[in-house]
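To keep things clear, I will list the structure first and then write my remarks on it.
Note that the numbering runs from 1 along the sequence shown for the chain. Here the structure is a predicted model, which is why all the values come from computation and not from measurement.
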Amino acid sequence: MIYLIFTQEGFAEAKSDILQDKADLWINVDLLSPEQLAELSGNGISIYFLPDHINPNNEKAILTALDYVEQQSPKKEIFVEYP
């Protein structure tokens, strides 16, 4: 499973599921603090950064990010945050 998250609120809501599922996480480069990243990595979560900053209020940008992530991992289920 993959989680595509754009906001701190979305991360807070999904964090326990991400940890439980040992899911891959795709985020904007500046979304999480170094402490949050270290905690996730320490729990076996693979973290990937989107190549471009995605505005969570722009549906077209979200769909572009989803398309990119699907190209990287075409056979995995993706949970997408829609703020």
Determine, step by step, whether Phe6 and Val80 satisfy the side-chain contact (heavy atoms from CB on, under 4.5 Å) criterion, reporting the C-alpha distance in whole Å, the side-chain angles of both residues, the deciding distance to 0.1 Å, and the verdict.
CA-CA 9 Å; Phe6 305 104; Val80 180; 4.2 Å; yes
Go through the steps for Tyr3 and Asp21 under the test side chain to side chain donor-acceptor pair (under 3.5 Å), then give the verdict.
CA-CA 10 Å; Tyr3 282 74; Asp21 295 342; 3.1 Å; yes
Would Tyr48 and Val69 satisfy side-chain contact (heavy atoms from CB on, under 4.5 Å), going step by step from the backbone distance to the final call?
CA-CA 9 Å; Tyr48 302 94; Val69 172; over 6 Å; no
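Annotation for Gln36 and Leu31: closest pair OE1-O, 4.4 Å, computed over non-hydrogen atoms. Here the closest non-hydrogen pair linking Ala23 and Ile45 is O-CG2, 3.2 Å. Of all heavy-atom pairs between Leu4 and Ala65, the closest is CD2-C, 4.1 Å. The two residues Ile62 and Ile54 come nearest to each other via the heavy atoms N-CG2, 4.1 Å. Taking both residues in full, the closest heavy atoms of Asn55 and Ala61 are given as O-CB, 4.2 Å, listed atom of the first, atom of the second, then distance. Pairing each heavy atom of Ala14 with each of Ile5, the nearest pair is CB-CD1, 4.1 Å.
Leu63 and Phe79 fall into different hydrophobic clusters, where Ile, Leu, Val, Met, Phe, Trp and Tyr are joined by side-chain heavy atoms under 4.5 Å apart, directly or via other members. Cluster membership check: Val29 does not share its hydrophobic cluster with Tyr68, using side-chain heavy-atom separations under 4.5 Å among Ile, Leu, Val, Met, Phe, Trp and Tyr. One hydrophobic cluster, built from ILVMFWY side chains closer than 4.5 Å, holds both Leu40 and Ile27. Note on Ile2 and Leu50: same hydrophobic cluster, where clusters join Ile, Leu, Val, Met, Phe, Trp and Tyr whose side-chain heavy atoms are under 4.5 Å apart, directly or indirectly. By the criterion of side-chain heavy atoms lying less than 4.5 angstrom apart, applied directly or through intervening Ile, Leu, Val, Met, Phe, Trp or Tyr residues, Trp26 is grouped together with Tyr82 in one hydrophobic cluster.
Taking a 6.0 Å sphere around CD of Glu59, one finds it holds 12 or fewer heavy atoms contributed by other residues, nucleotides or ligands.
No side-chain donor-acceptor contact under 3.5 Å links Asn43 and Glu39.
A distance-only check finds a donor-acceptor pair linking the side chain of Asn58 to the backbone of Lys60 [under 3.5 Å].
With contacts defined as side-chain heavy-atom distances shorter than 4.5 Å, the pair Leu32/Gln8 qualifies. Put simply, the side chain of Leu25 reaches to within 4.5 Å of the side chain of Phe11, judged on heavy atoms.
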